[in-house]
Amino acid sequence: MKPKIFVARAVFPEVLARLEQHFEVESNQDDRIYSADELLAKAHGKHGLFTTPSEPVTAALFAANPQLKAVCNMAVGYNNIDVAAATQAGVMATNTPDVLNETTADFGWALMMAAARRITESEHFLRAGKWKKWSYDSFVGPDIHGATLGIIGMGRIGQAIARRSLGFDMQVLYHNRSRLAPEQEARANNARYVSKQELLQQADHVVLVLPYSKDTHHTIAAPELALMKPTATLTNIARGGIVDDAALIAALREGRIAAAGVDVFENEPSFKPEFLDLSNVVLTPHIASASTPTRLAMANCAAGNLIAALSGQRPPNLLNPDVAAR
């Protein structure tokens, strides 16, 4: 008998076919969004779950499904999974790091540049038929080249963003839980480690790339926004909840920072409708990793973790190694 798994969201057909070689698969190709209680029921009798950040994997789910052996998230983030409860229940939890680093870094730059250079604002102006003449101050914004880039969260993606700044002749400041090794700083365009306060005060463009946890909740709120230059931009490609969205809306509305690029939101896919009233913010629906090769690589990485976990091997991206050691 093959182990049973549930694939909680629609996935590439070729990845589903790969899983079907190893497992008895129940899949959600209709792409319904399941509540915590519905997912708990879908996990009944399953040995593994293939999940995304939209699925709440709770302690109650583990308690109700003692046969479960692995939960494999198709994302680098995993704040949707109660990893402590998974460990206590003896369930392996995995994520998909590395495969999305470069694509997400590309998008971070695209979003930052679109915000700084007012691309979506000017496009809406053009599409509305308002463009009648050229003006010296029409949609002027801050430069990218020669500016100071501040990165909060200097993991793999943060370092990839910093490497790209070399071609723009930028100075790079970063703040992280711990300082990088000197050789890593050198590869990241000679990035300089500073306090969060110094970074916010000095940076012309601030990019957030840190994981979400209770400790990073509202890393950027009203006090932090007050430290930034009125000409600065803020780009969030990290997770919703890293930024106090209400405080950001107020800062943008009042011109206390110049612009923002926001790919992730508190309580997404819901978001504060006040964002829509602002012209100085670029809004995207959590698509920083959304290239076809990268999303396919993420799906295959999650599938590989699940195959390893349910065949008695240690998954490559195990988040709770204490379980494998039992």
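Residues L319 and T87 fail the side-chain proximity criterion, which asks for heavy atoms closer than 4.5 Å. Here the side chains of E14 and L296 are in contact, with some heavy-atom distance below 4.5 Å. Residues I307 and Q313 have side chains not in contact (no heavy-atom distance under 4.5 Å, counting atoms from C-beta outward). Contact check for W109 versus V207: no side-chain heavy atoms found under the 4.5 Å cut-off. Taking the side chain as every heavy atom from C-beta outward, V57 and L39 approach each other to under 4.5 Å.
Side chains of Q67 and H47: no donor on one and acceptor on the other come within 3.5 Å. Defined by atom type and a distance below 3.5 Å, a donor-acceptor pair is present between the side-chain atoms of T284 and D263.
Electrostatic pairing of E254 and R256 counts as a salt bridge here, judged by a charged N lying under 4.0 Å from a carboxylate O. Here R192 does not pair with E185 in a salt bridge; the nearest charged N to carboxylate O distance is not below 4.0 Å. Using a 4.0 Å cut-off between charged nitrogen and carboxylate oxygen, E38 and R32 count as a salt-bridge pair. Looking at E274 and R253, no side-chain N of the basic residue comes within less than 4.0 Å of a carboxylate O on the acidic one, giving no salt bridge. Between D245 and K272 there is no salt bridge, since no side-chain nitrogen of the basic residue lies less than 4.0 Å from a carboxylate oxygen of the acidic one. We find that E123 and R127 are joined by a salt bridge, their nearest charged nitrogen and carboxylate oxygen being less than 4.0 Å apart. Contact check on K46 versus E24 returns no salt bridge, with no Lys/Arg side-chain nitrogen under 4.0 Å from an Asp/Glu carboxylate oxygen.
When the shell of 6.0 Å around NE2 of H44 is examined, it contains 12 or fewer heavy atoms from other residues, nucleotides or ligands. Other residues, nucleotides and ligands contribute at most 12 non-hydrogen atoms within 6.0 Å of the OH atom of Y78.
Scanning all heavy atoms of the two residues, the minimum distance from V206 to M228 falls at CG2-CE, 3.9 Å. Pairing each heavy atom of V7 with each of V11, the nearest pair is CG1-CG1, 4.1 Å.
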Practice problem: I would like to know whether R164 and E102 meet salt bridge (charged side-chain N to carboxylate O under 4.0 Å, His left out); could you show each step before the answer? | Solution: CA-CA 10 Å; R164 284 156 172 76; E102 301 301 326; 2.7 Å; yes

Quiz item: Could you go step by step and tell me if N189 and S165 meet the side chain to side chain donor-acceptor pair (under 3.5 Å) rule?
Solution: CA-CA 7 Å; N189 192 13; S165 70; 2.8 Å; yes

Practice problem: Begin from the C-alpha positions of N280 and R118 and carry the test side chain to side chain donor-acceptor pair (under 3.5 Å) through to its verdict. | Solution: CA-CA 7 Å; N280 57 341; R118 302 172 68 176; over 6 Å; no

Quiz item: S138 and S135: side chain to side chain donor-acceptor pair (under 3.5 Å), yes or no, with the steps?
Solution: CA-CA 5 Å; S138 179; S135 301; 5.4 Å; no

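In this structure, the side chain of E224 engages the main chain of A221 through a donor-acceptor pair within 3.5 Å. Here the side chain of N28 pairs a donor or acceptor atom with the backbone of D31 at under 3.5 angstrom. Side chain of Q202 to backbone of L199: no donor-acceptor contact under 3.5 angstrom is found.
Test T94, N80, N317 against N73 for side-chain contact (heavy atoms from CB on, under 4.5 Å) and you get one pass: N80.
Classified by interplanar angle (parallel below 30°, tilted 30° to 60°, perpendicular above 60°), the ring pair H175/Y193 is parallel. In this pair, Y34 and F6 present their aromatic rings perpendicular. The plane angle is above 60°, beyond the 30 to 60° band.
Linking ILVMFWY residues whenever their side-chain heavy atoms come closer than 4.5 Å, directly or via other members, places V243 and L200 in the same cluster. At a threshold of 4.5 Å between side-chain heavy atoms, the hydrophobic network of Ile, Leu, Val, Met, Phe, Trp and Tyr places L111 and V76 in one connected group.
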